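Structure, as structure tokens:
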Amino acid sequence: MRHTIVAGNWKMHKNAAETQQFVNDLIENMPNGKEVEVIIAPPFTNLLIATQTLEHTNIGVAAQNMHQAEGGAFTGEISADMLKSVGVNTVILGHSERRQYFKETNALLANKVDTALRHNMRVIFCVGEELNDRKNKQHLNVVYYQLKDSLFHLPKSAWNNIVLAYEPVWAIGTGETATPEQAQEMHQYIREQIAIQYDKEVAENTSILYGGSVKPENSKEIFSKPDVDGGLIGGAALKVEDFVNIINNG
Ligand code: PEP
């Protein structure tokens with residue numbers, strides 16, 4: 001069901017001790033009575049610390065990536081089963097850094113999505129255009145093909161386990177934020193494409209997060225847009241105070 005989510009993507013930040021400290025502080029400072037689902041996505045090595053510490057809270061834990069194979073000779077990779085065995089049921093797939101630095105394609109991501117869903121995991125799937133795409137007015141088109149090639153083969157029922165994150169690449173870690181209007185335009189477009197491919201119900205039930213230099217100061221306005229259901233936060237999710245302030249704006 002569509003609802004507000006604030007998820008923190010830690011990327012390659014924080015060791016074990018820092019993770020423990022963060023989750024302890026987050027538990028202590030979590031706002032009461034907010035109808036916001038809160039998720040943190042620490043690096044693989046810290047997932048177990050996070051799931052164990054957060055077990056009896058309503059703060060969720062996601063992985064930042066996952067391999068598409070069930071297992072095998074894939075040195076350095078992590079499978080869905082491994083994630084589930086440490087209590088992780090959500091995975092971020094298709095982050096632009098995975099696409100850019102690790103050459104993950106729409107087709108590969110379709111495989112990863114299938115594997116995650118086969119394991120009853122929930123997927124936070126990232127889409128977003130690069131600066132040139134936007135300059136050339138191709139942003140809607142690029143995002144359409146990311147959705148089509150990685151997600152639109154799924155049956156309608158699978159969408160219960162899909163959360164989308166629109167993250168314009170030019171706004172990630174750059175301090176540049178899409179204007180609330182640019183975010184709304186894309187979120188509305190994404191919802192329309194889901195309605196065309198499936199139906200209005202699926203579109204209305206899908207949470208679509210915005211990501212790209214979200215901070216305490218700009219989160220309220222971005223989250224207030226009708227098709228924005230919270231955010232995927234990078235840099236500002238690394239400090240408990242900033243993260244909690246963003247949650248408060250959800
Ligand atoms: C991200 O990495 O998903 C992200 C949105 O990063 P930042 O908030 O730092 O731009």
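Here the structure is a predicted model, which is why all the values come from computation and not from measurement. Read the numbers this way: they start at 1 and go in the same order the structure lists the ligands and their atoms.
For ligand 1, the atoms sitting less than 4.0 Å from at least one non-hydrogen atom of S213 are 7 (P), 8 (O), 10 (O), numbered in the order shown with element in parentheses. Shown in contact with N9 at under 4.0 Å from a heavy atom are these atoms of ligand 1, numbered in order with element: 1 (C), 2 (O), 3 (O). Residue-ligand proximity, K11 to ligand 1, at heavy-atom distances under 4.0 Å covers atoms 1 (C), 2 (O), 6 (O). Near G212, the atoms of ligand 1 lying under 4.0 angstrom from a non-hydrogen atom of the residue are 5 (C), 10 (O).
Protein heavy atom closest to atom 3 (O) of ligand 1, with residue, atom name and distance, is E167 OE2, 2.7 Å. Here the protein heavy atom with the shortest distance to atom 9 (O) of ligand 1 is G235 N, 2.8 Å.
Both the backbone and the side chain of I172 come within 4.0 Å of ligand 1, judged by heavy-atom distances. Within the 4.0 Å heavy-atom criterion, the part of A171 lying near ligand 1 is the backbone and not the side chain.
Using a 30° and 60° split on the angle between ring planes, Y198 and F152 fall in the perpendicular class, above 60°.
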* Might you work through the salt bridge (charged side-chain N to carboxylate O under 4.0 Å, His left out) test for R134 and E176, ending with a clear yes or no? => CA-CA 14 Å; R134 184 162 279 271; E176 287 264 344; over 6 Å; no

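Remark: K14 engages no residue in a salt bridge (charged side-chain N to carboxylate O under 4.0 Å, His left out) (not counting sequence neighbours). Scanning for ring-ring contact (aromatic ring centres under 6.0 Å, His included) contacts around Y166 gives H187, with sequence neighbours left out.
For the pair K215 and ligand 1, no heavy-atom separation below 4.0 Å is found. At a 4.0 Å cut-off, at least one heavy atom of G173 sits close enough to ligand 1 to count as contact.
Surrounding CD of E241 are at most 12 heavy atoms belonging to other residues, nucleotides or ligands under 6.0 Å away. Counting non-hydrogen atoms of neighbouring residues, nucleotides and ligands closer than 6.0 angstrom, the CD atom of E35 reaches no more than 12 such neighbours.
Looking at ligand 1, you'll find an N or O of G234 within less than 3.5 Å of one of its N or O atoms. Remark: ligand 1 and H95 share an N or O pair separated by less than 3.5 Å (distance only, no angle test).
Proximity of a side-chain donor or acceptor of Q184 to a complementary backbone N or O of D227 within less than 3.5 Å is detected. Between the side chain of S207 and the main chain of V163, no donor-acceptor pair closer than 3.5 Å is present.
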